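Worth saying up front: this structure is predicted, and the values here are computed from it rather than measured. Numbered from 1 within each chain, the chains take letters A, B, ... in sequence-line order.
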Protein chains: 2
Amino acid sequence: MTRVLVVDDDAQILRALRINLAARGYQVLTAVDGASALRVAADDHPEVVVLDLGLPDLEGTDVIAGLRGWTQVPIIVLSARTDSTDKVDALDAGADDYVTKPFGMAELLARLRAAVRRSTVGQVDGEPVVSTATFTVDLAAKKVVRDNAEVHLTPTEWGILEQLVRNHGKLVGQRQLLQEVWGPAYGKETNYLRVYLAQLRRKLEPDPARPRHLITEPGMGYRFEL
Amino acid sequence: MTRVLVVDDDAQILRALRINLAARGYQVLTAVDGASALRVAADDHPEVVVLDLGLPDLEGTDVIAGLRGWTQVPIIVLSARTDSTDKVDALDAGADDYVTKPFGMAELLARLRAAVRRSTVGQVDGEPVVSTATFTVDLAAKKVVRDNAEVHLTPTEWGILEQLVRNHGKLVGQRQLLQEVWGPAYGKETNYLRVYLAQLRRKLEPDPARPRHLITEPGMGYRFEL
DNA sequence: CCGCGCCGTCAGGATCGCGTCAAAACCGCA
DNA sequence: TGCGGTTTTGACGCGATCCTGACGGCGCGG
């Protein structure tokens, strides 16, 4: 499911966007000011950001810069300003697109699709198979093989492993992991993760007590290393 | 030099774009209909295409489809049609952006820069990593590497380092740093910062007593230098 | 020269987060 | 309804992490 972060201090627009996006199958994250937008983006790694200019706390260009400091996530700017210099500033700060209010929902959705499409092409791995020294994960077939024998995983175990493998090398926050596997309502049940990570390690690690591939980063999340 | 293909059957606009783009250092290729546009694109592989809809020979979406059949080159559509369905059709056909005539040249140039920037990052340099002489910080993976070995950071240590790296070069006030890492209720506990900055320096600086990257600005805050 | 403010350093104790285990609750299916 | 597999929940021990207070160094102005 594609996660989209909507940043706007206008409750009306926020509501309209949330409804329309949710109806199209997007998972919607929201923020009402720049600081929380940066925090949510860092925590949950949305695939695309819709950013209203004129937030109460930060300049729009500062929010863009704050995101661009560490991520290439597509940013679509919303603004009431039709002034050309505003558009140029936002785009040069790193925004991907600029839509002026009032905007047509159909157009915004099309621009959103275009942005997401752009960012996802080319990143698909040729082989959806990832191998480590001790086991092999086939993302497409949803199968795990170890010592020439298939390892049976429960749906939850697979969900966690899939998230970690898809982001291999990168740290996956426990909040993000919980929301991807259990749903957006979860976020603090870190004990679930402890239980299932232990199970995965028991099934996959050569020495479950000293994991080499399913690494814990205390207080932050988990990481899959080849 | 960036090559841009401009496709338009209106000699006026073609001329205006050619002059403006050439003045900005772009190498300009032109075509006046869809068929020749596809031929020029195939022959010369421009880095970006500016495409007018309403060409004499082909439908705009067909031109887009013809390009998308073999290349991911950014396509910026120009059109006199403000109709929402036209925009949606063009964007869903594979266009990257849609600008309605009459358009401001400054805005078009900004959108052009954004499109080119997007397509060139991520190919080679897509990693949000910041490197100094002695260590490397990977913002996305939340990893720090020094002397080919990973350095383990606690959540608080990482939070501070992340803030500083995201604002590298700039001074980060101690109040701001405290609020970003510990929460809005904090602001005067500068002793926390002293302790954790010392720990970071011990882990990252070549000579912790004489820091080169994690600089203290007495009375103000801290600064991360490359 | 001395006091003051700010910073760096250190170490101990409180707290937090993790791994582990096992029991209870839940679910699909016969 | 009973059963096997799966998910959720609770409790415990242990190590890592965080907070705290004390001490000394440094620069600056009185």
Specify the separation, in whole Å, of atom [atom1] of [X] and atom [atom2] of [N].
{"X": "Leu178(B)", "N": "dC19(D)", "atom1": "CG", "atom2": "C1'", "answer": "13 Å"}
{"X": "Glu189(B)", "N": "dC18(D)", "atom1": "CD", "atom2": "P", "answer": "16 Å"}
{"X": "Lys188(B)", "N": "dC19(D)", "atom1": "NZ", "atom2": "P", "answer": "18 Å"}
{"X": "Tyr186(B)", "N": "dC18(D)", "atom1": "OH", "atom2": "P", "answer": "12 Å"}
{"X": "Trp158(B)", "N": "dT17(D)", "atom1": "CH2", "atom2": "P", "answer": "15 Å"}
{"X": "Tyr196(A)", "N": "dA22(C)", "atom1": "OH", "atom2": "P", "answer": "17 Å"}

| said: So does Ala141(A) get a backbone contact from the side chain of Asp138(A), meaning a donor-acceptor N/O pair under 3.5 Å? | reply: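 Yes: the side chain of Asp138(A) pairs with the backbone of Ala141(A).
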Polar side-chain atom of Asp57(A) near backbone of Gly34(A) as donor-acceptor pair, under 3.5 Å
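A pair under 3.5 Å: yes.
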So, does [X] get its side chain near the phosphate of [N], meaning an N or O under 4.0 Å from OP1 or OP2?
{"X": "Tyr192(B)", "N": "dC18(D)", "value": "no"}
{"X": "Trp182(A)", "N": "dT7(D)", "value": "no"}
{"X": "His152(A)", "N": "dT6(D)", "value": "yes"}
{"X": "Thr156(B)", "N": "dT17(D)", "value": "no"}

With sugar-phosphate taken as primed atoms, P, OP1 and OP2 and all else as base, the protein-contact string of nucleotides 7-20 of chain C at under 4.0 Å (heavy atoms; B, S, -) is BBBB------SBBB
| Can a salt bridge be assigned to the pair Asp86(A) and Arg81(A) using a cut-off of 4.0 Å between side-chain N and carboxylate O? |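 Yes, this pair counts.
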For this session: Using a strict 4.0 Å threshold on nitrogen-to-oxygen distance, state whether Arg68(B) and Asp96(B) make a salt bridge.
Result: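 Between Asp96(B) and Arg68(B) there is a salt bridge, with a charged N closer than 4.0 Å to a carboxylate O.
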Legend entry - Inter-axis angle, terminal five-pair segments of the helix from dC1(C)-dG30(D) to dA30(C)-dT1(D) [nearest 10°]: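 Comparing the first five pairs with the last five, the axes sit 40° apart.
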**OP:** Identify the residue among Gln163(A), Glu162(A), His168(A) that makes a side chain to side chain donor-acceptor pair (under 3.5 Å) with Arg166(A).
**Re:**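 Single pass found, and it is Glu162(A).
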Which donor-acceptor pairs under 3.5 Å do side chains of residues 198-214 of chain A form with protein atoms, sequence neighbours excluded?
| from | atom 1 | to | atom 2 | distance (Å) |
| --- | --- | --- | --- | --- |
| Arg201(A) | NH1 | Leu214(A) | O | 2.4 |
| Arg201(A) | NH2 | Thr216(A) | OG1 | 3.2 |
| Lys203(A) | NZ | His152(A) | O | 3.0 |
| Lys203(A) | NZ | Glu157(A) | OE1 | 2.8 |
| Lys203(A) | NZ | Glu157(A) | OE2 | 3.3 |
| Glu205(A) | OE1 | Arg212(A) | N | 3.0 |
| Glu205(A) | OE2 | Arg212(A) | N | 3.2 |
| Glu205(A) | OE2 | His213(A) | N | 2.8 |
| Glu205(A) | OE2 | Leu214(A) | N | 2.9 |
| Asp207(A) | OD1 | Ala209(A) | N | 3.2 |
| Asp207(A) | OD2 | Arg210(A) | NE | 3.4 |
| Asp207(A) | OD2 | Arg210(A) | NH2 | 3.1 |

Can you give me the closest heavy-atom contact between Leu164(B) and Phe224(B), atom names plus distance?
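Shortest heavy-atom contact: O-CB, 3.6 Å.
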Any idea which heavy atoms bring Ala115(A) and Ile76(A) closest together, and the distance?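 Heavy-atom minimum between the residues: CB-CD1, 4.1 Å.
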Output field: ring centroids Trp158(A)/Tyr196(A) closer than 6.0 Å
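So the answer is no for these two rings.
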